[in-house]
**Student:** 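Pasting in a structure now, in structure tokens, and then I'll have a few things to ask.
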Amino acid sequence: MLMHKLPRDFYERDTVLVARELLGKYLVHGEFAGKIVEVEGYLGQQDLASHSSRGITKRTEVMYGPPGYAYVYLIYGMYHCMNVVTEAKGIGSAVLLRAIEPVKNITGRTQGPGLLTKAMHIDIRLNRHDLQSNDFFIAEGPPQLPFVIVEKPRIGIHFAQEWVEKPLRFYIKDNPFISKL
DNA sequence: TGCACGATGAAC
DNA sequence: TTCATCGTGCAC
């Protein structure tokens, strides 16, 4: 299977562009692989829905670091969420991976950020991991048919005031593995 | 040093 | 609609 790893330049671009282009790419962790079918963009310190909105802290400094690294955190004490850091160093932006389509060695459901990480065996130990590595990365998959991208408001960010309705969630239209309608 | 609260998922 | 479960951020 063609597995051309995405270069760091891919991530060092506008977050919305990176988010849209991550759809259809292959997330690889060791023996596990899945096709990314749903993502959300988190734009930086001005984005009230983003963890980076409170500035640089021990937790968010990875978001403000160089692009192409994983930001993995524990949510609700029991699930992990995985993001990829985007844009230049100094900008606290990232793309949350919300759902994948199983490709290799995946058991269990993958529709939702917590289920995705569980199925891919991704946890807090992979926080700050360089996605240019050989054990954990995102790659261009094999050629596939073109698809339509659906834009919707992000999930679970009711507190984010004027950012609540911004269309920063993207998914592959009609894909059966997206997390919600 | 303490405490309220999630970028969730599953059950009721 | 409620609950499980714990690290983070901010108040005190």
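In what follows, chains carry the letters A, B, and so on, assigned in the order in which the sequence lines appear, proteins first and then strands, with residues in each chain numbered from 1.
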**Student:** List for me each residue that meets ring pair (Phe, Tyr, Trp, His ring centres under 6.0 Å) alongside F136(A), sequence neighbours excluded, and say none if there are none.
**Tutor:**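 Ring pair (Phe, Tyr, Trp, His ring centres under 6.0 Å) check on F136(A) returns H29(A), H129(A).
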**Student:** Looking at side-chain heavy atoms only, is the closest gap between Q45(A) and S53(A) below 4.5 Å?
**Tutor:**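 No, too far: nothing below the 4.5 Å cut-off.
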**Student:** Under 4.0 Å, heavy atom to any atom of DNA chain B: which of residues 36-46 of chain A qualify?
**Tutor:**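 Of all residues in residues 36-46 of chain A, the ones placing a heavy atom under 4.0 Å from DNA chain B are Y42(A).
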**Student:** Whole angstroms only, please: what is the CE-P distance between M82(A) and dT8(B)?
**Tutor:**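 About 16 Å, once rounded to whole Å.
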**Student:** Only one of I157(A), V95(A), I155(A) passes side chain to side chain contact (heavy atoms under 4.5 Å, CB included) with E40(A); say which it is.
**Tutor:**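 The passing option is I155(A).
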**Student:** Considering non-hydrogen atoms only, spot the tightest contact between V85(A) and G65(A) and give its length.
**Tutor:**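 The answer is CG1-O, 3.8 Å.
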**Student:** Between dA7(B) atom C1' and N127(A) atom CG, what is the distance in whole Å?
**Tutor:**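 Going from N127(A) (CG) to dA7(B) (C1'), I get 15 Å.
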**Student:** Just the table, please: protein N/O against nucleotides 10-12 of chain B N/O, every pair under 3.5 Å.
**Tutor:**
residue, atom, partner, partner atom, Å
dA10(B), OP2, R109(A), NH1, 3.4

**Student:** Specify the separation, in whole Å, of atom CG of L96(A) and atom P of dG6(B).
**Tutor:**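 The answer, rounded to whole Å, is 17 Å.
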**Student:** Are E21(A) and R13(A) ion-paired here, with the side-chain N under 4.0 Å from a carboxylate O?
**Tutor:**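 Between R13(A) and E21(A) there is a salt bridge, with a charged N closer than 4.0 Å to a carboxylate O.
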**Student:** For W163(A) and dA7(B), give me the distance from atom CH2 to atom C1', rounded to whole Å.
**Tutor:**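 To the nearest whole Å, that distance equals 15 Å.
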**Student:** Only distances under 3.5 Å count here; give the side-chain donor-acceptor pairs of residues 103-111 of chain A to other protein atoms, sequence neighbours excluded, each with its distance to 0.1 Å.
**Tutor:**
residue, atom, partner, partner atom, Å
N105(A), ND2, E31(A), O, 2.7
T110(A), OG1, I100(A), O, 2.6

**Student:** Would you say the side chain of Y71(A) lies within less than 4.5 Å of the side chain of H51(A), judging by non-hydrogen atoms?
**Tutor:**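 Yes, at least one pair of side-chain atoms sits under 4.5 Å.
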**Student:** Taking the side chain as C-beta and beyond, is there a heavy-atom pair between R128(A) and E61(A) under 4.5 Å?
**Tutor:**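 Yes, their side chains come closer than 4.5 Å.
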**Student:** Between the protein and nucleotides 6-12 of chain C, which nitrogen or oxygen pairs come in under 3.5 angstrom?
**Tutor:**
residue, atom, partner, partner atom, Å
dG9(C), OP1, T57(A), OG1, 2.4

**Student:** Exactly one of V37(A), L23(A), V150(A) should register a side chain to side chain contact (heavy atoms under 4.5 Å, CB included) with N175(A). Which one does?
**Tutor:**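 That would be V37(A); it is the only one of V37(A), L23(A), V150(A) passing the side chain to side chain contact (heavy atoms under 4.5 Å, CB included) with N175(A).
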**Student:** For dG2(B) versus dT5(C), give the span between their P atoms, rounded off to a whole number of Å.
**Tutor:**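 Looking at atom P only, dG2(B) and dT5(C) are 22 Å apart.
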**Student:** So what is the 5' to 3' dot-bracket string for DNA chain B, if pairs are Watson-Crick or G-U wobble with both distances under 3.5 Å, crossing pairs use [ ] and | means the partner sits on another strand?
**Tutor:** ||||||.||||.
**Student:** Under 4.0 angstrom, heavy atoms only, what part of the nucleic acid is I157(A) near: base, sugar-phosphate, or nothing?
**Tutor:**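 Counting heavy atoms under 4.0 Å across all strands, the contact made by I157(A) is with sugar-phosphate only.
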**Student:** With a 4.0 Å cut-off, would you call D130(A) and R8(A) a salt bridge?
**Tutor:**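 Yes, charged N to carboxylate O under 4.0 Å.
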**Student:** If we take the C1' atom in both dA10(B) and dG7(C), what is their distance in whole Å?
**Tutor:**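 dA10(B) and dG7(C) have their C1' atoms separated by 22 Å.
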**Student:** Could you walk me through whether S52(A) and T60(A) pass side-chain hydrogen bond (donor to acceptor under 3.5 Å, both in side chains), step by step?
**Tutor:** CA-CA 6 Å; S52(A) 60; T60(A) 64; over 6 Å; no
**Student:** Contact class for F159(A) vs. all strands (heavy atom < 4.0 Å): base, sugar-phosphate, or nothing?
**Tutor:**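 Sugar-phosphate contact only.
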**Student:** Hey, could you give me the CD/CZ distance between Q132(A) and F137(A), rounded to the nearest 0.5 Å?
**Tutor:**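 Taking CD in Q132(A) and CZ in F137(A), the distance rounds to 10.5 Å.
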**Student:** When you check the gap from the basic side-chain N to the acidic O, do R20(A) and E151(A) get nearer than 4.0 Å?
**Tutor:**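 E151(A) and R20(A): salt-bridged.
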